[in-house]
A.B. asks: 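Let me begin by handing over the structure; questions about it come next.
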Amino acid sequence: MEETIARILTELEEINQIPNTQNQTPLISRSTLLDLHSLLSTNDPDLVSQLFDDLPSKSLSPSSLTNLLSFTMDSAPSYSLLASKVYLSLLLSPNSPVFTLFTPISFLSFLRSLRRAFKNCPSAQPEESPPSHAPPNRKRKGGGRVRGARGNVRGSGDCSEEASDTFDMKQVFKVFEMLVSVLGLIHLDRFPDSLKSLVQTFGEIPLMAMEKLGNPSSFNRLMDLCSRVLSEVLRAEHGELANTAAEVLKALSPLILMVKSQARSFALGFVTKRMTELGNESDGVKKAVVNFPRYLAQKAPEKAEPRALAVDSIMEVVKVMDFEDQIGYMDYVLKMTQGKANLRLLGVDLIAMMIMSLRDPFGVDSDVKTRDYWGTKCLEALITRCSDLSAGIRARALSSLAQVVGFLSSDDRNKGILKEVMGLLSEGGEERPQCGMNDLLKNRCMDDKAAVRKAALLLVTKLISLLDGCFDGILLKTVGMACSDPLVSIRKAAISALSEAFRTFSDESVTTEWLHSVPRLITDNESSIQEECENLFLELVLDRVSRAGPACAPKKGSVSPESYLTTKSLEGELELLFPGGILILLKGICDGEVTPWVKKLCTSLGKKKRLKPKIAAALQNIIKTSESIWLSHSMPIEKWTAPAGAWFLLSEVSVYLSKAVEWEFLHHHWQLLDKPASKGKLQSPLLQGNANEDGEGVESNSVAWAGDRVFLLQTISNVSMELPAEPAADLAHNLLKRVEKFNMHSTEVNAHVKALRTLCKVKSLNPEEADQLVMRWGQQLLSKAHEILEKYISVDKEANNNNSFFTPPRSGSRKGKQAARASRLLSKTVTAVYTVGSLVVVCPAADVSSIVPLLYTVVTSGNSDPKLNKLPGPKVSLKQTAPSLYIQAWLTLGKICLADGKLAKSYIPLFVQVVSDNMLTMHFKMQELEKSDCAALRNNLVVMMADFCVRYTALVDCYIAKITKCLRDPCELVRRQTFILLSRLLQRDYVKWRGVLFLRFLLCLVDDSEKIRQLADFLFGNILKAKAPLLAYNSFIEAIYVLNDCHAHNGHNDSKNSRTESRLFSIRGNDERSRTKRMRIYVCLLKQMAPEHLLATFAKLCAEILAAASDGMLNIDDITGQSVLQDAFQILACKEIRVSSHRGAASDSAEVEEDGDSSASVAAAKGRAITQAVRKGLIQNTIPIFIELKRLLENNNSPLTGSLMECLRVLLKDYKNEIDDMLVADKQLQKELIYDIQKYESAKARTTAAEAVAGMQNQGVYRSPPCVPKAATGAHPENKMNQKLSSDSKVASAIADAAAEATARSVLREVNKGAMTPPLKAINMPKLKSNQAGSSAKNDRSLDVLESLRRRIDDEN
């Protein structure tokens, strides 16, 4: 060792003589460091003392040795870790001068060497790698030969390529262990900077080590050593514990707020375990830990995912705190929810996590019962944030509240408190469905932002378990309306909420709303919604029906026949056998608005083979049980009907489950339902109402009876392929005989005819034979129908002739018999005509040449045309005498035209001859459509014309404008049917958006019917926006003129349409109601436009309306011209026409984070720049038009001056940046605008003050005198105020002037760039100056306007 010490001293002496310059640094060589390390590793006090004793002989001191080690740790990256190890060994060696060797500078060099070691460490280097030991040996061999100063100087060109070879995790572990021992010797309370640097370094090491180390065991051991170092720091010897703990927490906070990783787990574990243990011993550490969640809340990021991780980290810390400290932090969070937006958003997340993470939020396990427990306060704050101004906070609060409700609802003890806090219980504990929470949910379900609506629907889903069946009707309808939301995610959320309610409750209102909202989505454009709709229908309808097990019907005679039976008692008995709302569900299925979607769902499920035979078996069981209950009460079987909807659903599923339906079941019930028909009168019981005259308590209903027969026949048709041949033949023969009697209800005719056709296919051996059979009985029916119709026409003609000769009739009894016979004949004729139409649909090849002239005779009866009077037929219109026959004749004639195009074309000349010389057949139908006062006929004709448009598009295209007249029909059904049919034709491109069609559709947006308004909103907001995005922009200006019925424009003269039609499709008038309706239409159109189209529309409004009015092309003396101009002002001032920098972004998604796409951001920035340039040019061309128009209106004393000034004031606020340059260039124009706006605001404020004074006076005049003594009346404060205001009008006027001046100055304060506006006395007569060099970009119109203003002002002067 003597030689080793000598070598060390010799090299240290040589290095110490090297000057420390910029190009060279004195470094200790690797060999010397190894010698020092081997010497210090012996732990021999004598050797260490000898080393320090010999240092002065070489002109060295312990501090100089420390300095050399510092230089080496800083400037020798290849072996800086070895130098650090030597440095720590020196401090730990026995008898070493610790306080001399330890300096802040050397300690900082040591910490830097640790950072550099991890930075230069190769990624995922395993610690067992053998090459990590070889480099020191190689360098040691070379280091022995290089002894001079040249070898100990690090030049600027040295490489650190050896760094990866020198990094050994075992050496790092050793250094960390030695550092722990050093911290036990040295107290850092005298070196606060060194302590802070140490804490910061060990706060960064976990992140650097995580990136470099791939071995989990090595990382875990390293983190254990880091924990030991930080724990050693948290000792009183190193300073005030509160400050030290705060520094440690501050250093670990970046790790805690980062994404999930090993480093984050280490930091959280150290805080929640080690520091919590230390906090039990030290109040300073405990205080720091308690305040740490507050610090994390202030540092939490704003983006969604990092914020969620921050919330998780905060909650991990809060969980280990004492209960009192948790309550204190909860109070802090409650205050956060009333602060800035980012803190409110974080507070909402924290409240939800605290309620779900901490124990007993409502104090149900506490001995002290209080209503103000911490969970109650948090829940109330969360409910308050559901109405926050920020959409993102509203959405987050609603979703958090949904999570809380779902979590707390699992404990029955929390349910009652939860209901009370959320307002679902009254003070007495009774259910209160009409409450604040329901109002909140209704408002949020209709929120403007999609994220809010989605979160509200999620909350509705979670609240269903708390409602206990008390579902608010309006809220239920609101959720149902959300099923038609434009956004797919909202529709899915609404479906989930409504289905959860239907799954939980079997209430009739919930069932009805579900059936009217969810099944219709089978036609949705989104395939995932279609699949969800199918799954829900299968689960909530078909499976529920399938679970209706075999019912045990009571024995016959168990109830006395003499007992008074009501319908409700029978229904109640049946509901007991089939609980769960099965009967309500079946009844809702057969609703007219639900049946189309049920048919589509059954078809879709059947094609996918998802229908199970047990569904058909369950339906048969329900029908059999209903019959058994009826018979058990000894009721007449001919008055029995199955539960509503059972036969309908069986008829739909039997198409795909034909083998599951028993023929004996069908045959038995066909015989039951066919018995009343043999008596010639349809009779069917209706299970509702009071007792009839016989005391049986049952009323008959032919419609319900006929409906059961129809669905039964449809079921038989569906399973006919499975029927035996002989029963099928007998059934077909019976059906034909039944049809030939023409005494059925119209609803039964189609079913009989279709069943006949199906049975013919079963009886036939091949399709040709089947067609021949159908043609044979079809001609037979046509022949008999011809005879009946011809007989009725002749009888009616004879009766008309007799009535002209015999007035009054000979006897009353004879007249009554004739009327009865005529009524029976009319009923039979109507059925015959309807049967002809049904037969034509089933068999288009049938010969109807003999029946068509008779139908034509019916529809043209009573026509005043002399040419038609020559034709045989009744002279009195059958429209008055037999309206049912008249309607059926039109319907059947339309079916014939649809079936045979050649026949329809051949009859066009005849229609032309009958109606007019140049009218087509369809135009004749349209004339009848216009003249008819029968809503049913108009509705049928609209349906016929829509079918003709599909079949004969070119023929009907020219009459589309006349069809649109039905959009203004007085009957809501006709208007809605017309709207739906035309919308379908437009979507399928059978009709084009051209001419007046689009303008007439606009009126549907403000229709009196809410259903039509909803359909129109969906058409314009979704379908039309995607199909024809430019239509709203191209037709906007024309829509303003058409809606106001304005013909005062020289370029908008009367078109081909008459004034009557134009008034029919306009909203004339300048009253508030008319303006509101028109404005709603304008706003709807503006919402469909892109930003560039909004700017173009702004320019077109100024050029085609404002400029036209100022140039005299638009007559502003006409009331319609004034309405157009006022509408233009309102449109220019509305917020929908403004183009903001955020227009077109996904504003609905409140929580969507930016992707950071550079190309998209560049495109957006480019678009904003172009928009700003267009806005600037646009407003510079607009202001001169406003000035000229203002002069014109003021000269004419027009009432529109106020509207113009309001619009101008809004423009000055919205376009202040664009107007800035314009006003700077023309100071006189600036003075003029200030003067005019101040004058207008003054007059407006004065009028408002006068109205307020008059209102208070009137209020005192019409109010009953108070019962007070006369002496006290003069002292009443309100009387004093009235007297003061009425007597001192000058003061009120002065106040109004001051308010107006302040308002006017505030409008243009930013335009003037903060400069004070000159007083009114300093403003001379406004005079426009000539254009300066900066205004050369204005167009000719602007120059003409300015020139005309200049000439006018010069003339006035």
Side-chain angles (χ1 to χ4, degrees), residues 63 66-77 80-92 98-121 171-212 222-223 225-256 263 266-267 270-271 274-275 278 284-285 288 292 295 299:
S63 60
T66 303
N67 293 335
L68 290 176
L69 285 174
S70 300
F71 292 147
T72 305
M73 286 187 289
D74 284 335
S75 303
S80 63
L81 193 62
L82 178 61
S84 300
K85 193 174 181 181
V86 171
Y87 173 70
L88 295 178
S89 299
L90 277 175
L91 295 174
L92 294 173
V98 176
F99 294 103
T100 304
L101 295 174
F102 182 86
T103 61
I105 295 178
S106 60
F107 192 70
L108 291 178
S109 300
F110 163 71
L111 295 177
R112 282 194 294 269
S113 69
L114 289 182
R115 286 196 185 97
R116 191 180 302 110
F118 282 99
K119 289 182 180 179
N120 297 332
C121 169
Q171 302 237 355
V172 174
F173 296 155
K174 184 63 177 176
V175 169
F176 276 43
E177 291 172 352
M178 295 171 68
L179 178 61
V180 173
S181 301
V182 169
L183 291 176
L185 295 176
I186 301 174
H187 300 163
L188 297 178
D189 54 343
R190 295 183 296 122
F191 311 102
D193 292 336
S194 299
L195 177 65
K196 187 175 181 180
S197 299
L198 174 64
V199 172
Q200 291 177 351
T201 300
F202 276 81
E204 297 173 1
I205 285 177
L207 182 60
M208 294 186 292
M210 182 184 66
E211 297 174 352
K212 299 296 183 179
L222 184 65
M223 292 302 100
L225 292 172
C226 289
S227 178
R228 289 176 58 187
V229 172
L230 293 176
S231 300
E232 193 67 29
V233 168
L234 292 172
R235 291 171 54 197
E237 293 81 359
H238 297 290
E240 182 66 30
L241 284 178
N243 297 332
T244 306
E247 290 294 335
V248 171
L249 293 173
K250 185 178 179 180
L252 294 177
S253 60
L255 300 179
I256 293 176
F266 157 74
F270 181 80
V271 173
R274 183 58 183 158
M275 293 195 70
L278 296 175
V285 177
F292 187 51
Y295 178 79
K299 295 295 182 179

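One is the number of the first residue; the rest follow in order along the sequence.
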A.B. asks: Grab the two heavy atoms, one from Leu111 and one from Ser194, that are nearest each other, plus how far apart they are.
C.D. replies: CD1-O, 4.4 Å
A.B. asks: For residues Leu179 and Phe202, determine if any side-chain heavy atom of one lies less than 4.5 Å from a side-chain heavy atom of the other.
C.D. replies: yes
A.B. asks: Under 30°, 30 to 60°, or over 60°: which ring-plane class applies to Phe110 and Phe107, parallel, tilted or perpendicular?
C.D. replies: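 Tilted, since the angle between the ring planes falls between 30° and 60°.
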A.B. asks: Could you state the interatomic distance from CG (Leu195) to CD (Gln200), rounded to the nearest 0.5 Å?
C.D. replies: 10.0 Å
A.B. asks: Can you name the closest pair of heavy atoms from Ala83 and Met73 and give their distance?
C.D. replies: CB-CG, 3.5 Å
A.B. asks: Ignoring hydrogens, what is the shortest heavy-atom contact between Phe176 and Val229? Give both atom names and the distance.
C.D. replies: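 Where Phe176 meets Val229 most closely, the heavy atoms are O-CG2, 4.3 Å.
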A.B. asks: Mind checking the CD-CD spacing from Glu247 to Glu240? Nearest 0.5 Å is all I need.
C.D. replies: 12.5 Å
A.B. asks: My understanding is that only one of Leu108, Leu230, Leu183 makes a side chain to side chain contact (heavy atoms under 4.5 Å, CB included) with Leu198; could you say which?
C.D. replies: Leu183
A.B. asks: For a 4.5 angstrom cut-off between non-hydrogen side-chain atoms, does Glu204 reach Leu207?
C.D. replies: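 They are not in contact (no side-chain heavy atoms under 4.5 Å apart), so the answer is no.
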A.B. asks: Could you tell me the separation between the CD atom of Glu177 and the CG atom of Leu88, rounded to the nearest 0.5 Å?
C.D. replies: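 It is 11.5 Å, given to the nearest 0.5 Å.
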A.B. asks: Quick one: pull up CZ in Phe292 and CD1 in Ile256 and give me the separation to the nearest 0.5 Å.
C.D. replies: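 CD1 of Ile256 is found 3.5 Å from CZ of Phe292.
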A.B. asks: Checking Arg112 against Ser109: is there a side-chain donor and acceptor pair closer than 3.5 Å?
C.D. replies: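 A donor-acceptor contact under 3.5 Å links the two side chains.
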A.B. asks: Report yes if some heavy atom in the side chain of Arg274 is under 4.5 Å from a heavy atom in the side chain of Leu234; otherwise report no.
C.D. replies: no
A.B. asks: Sub-3.5 Å donor-acceptor pair from the side chain of Ser227 to the main-chain atoms of Met223, do we have one?
C.D. replies: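 Side chain of Ser227 to backbone of Met223, a donor-acceptor pair under 3.5 Å: no, none is there.
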A.B. asks: Kindly indicate whether the side chain of Ser80, heavy atoms from C-beta on, has any atom under 4.5 Å from the side chain of Arg116.
C.D. replies: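 Side-chain contact under 4.5 Å: yes.
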A.B. asks: Nearest 0.5 Å, please: how far is NZ in Lys196 from CG in Leu188?
C.D. replies: 14.5 Å
A.B. asks: If you compare all heavy atoms of Met178 against all heavy atoms of Lys85, which two are closest, and at what distance to 0.1 Å?
C.D. replies: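 Closest pair (atom of Met178, atom of Lys85, distance): CE-O, 3.4 Å.
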A.B. asks: Check the surroundings of atom CG in Leu185: do more than 12 heavy atoms from other residues, nucleotides or ligands lie under 6.0 Å from it?
C.D. replies: yes
A.B. asks: Any idea which heavy atoms bring Leu222 and Ala209 closest together, and the distance?
C.D. replies: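 That would be CD2-CB, 3.3 Å.
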A.B. asks: Could you walk me through whether Phe102 and Thr66 pass the side chain to side chain contact (heavy atoms under 4.5 Å, CB included) check?
C.D. replies: CA-CA 8 Å; Phe102 182 86; Thr66 303; over 6 Å; no
A.B. asks: Enter the distance from Thr201:OG1 to Arg115:CZ here, rounded to the nearest 0.5 Å.
C.D. replies: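 Interatomic distance, Thr201 OG1 to Arg115 CZ, rounded to 0.5 Å: 3.0 Å.
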A.B. asks: Between Asp193 and Pro104, is there a side-chain heavy-atom distance shorter than 4.5 Å?
C.D. replies: no
A.B. asks: Using atom types as modelled and distance alone, determine if a side-chain donor or acceptor of His238 lies under 3.5 Å from a backbone N or O of Val233.
C.D. replies: no
A.B. asks: Decide side chain to side chain contact (heavy atoms under 4.5 Å, CB included) for Ser70 and Tyr87; before the verdict, give the C-alpha distance in whole Å, the side-chain angles of both, and the deciding distance to 0.1 Å.
C.D. replies: CA-CA 8 Å; Ser70 300; Tyr87 173 70; 5.7 Å; no
A.B. asks: Using every non-hydrogen atom in the two residues, find where Thr100 and Ser63 come nearest and quote the distance to one decimal.
C.D. replies: CG2-N, 4.3 Å
A.B. asks: Would a 4.5 Å heavy-atom cut-off, applied to side chains only, mark Thr72 and Val86 as touching?
C.D. replies: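 Side chain of Thr72 against side chain of Val86, heavy atoms only: no contact under 4.5 Å found.
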A.B. asks: Taking the side chain as every heavy atom from C-beta outward, state whether Phe270 and Val248 have any pair of such atoms under 4.5 Å apart.
C.D. replies: yes
A.B. asks: Tell me, do Leu90 and Val98 make a side-chain contact under 4.5 Å, heavy atoms counted?
C.D. replies: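 They are not in side-chain contact.
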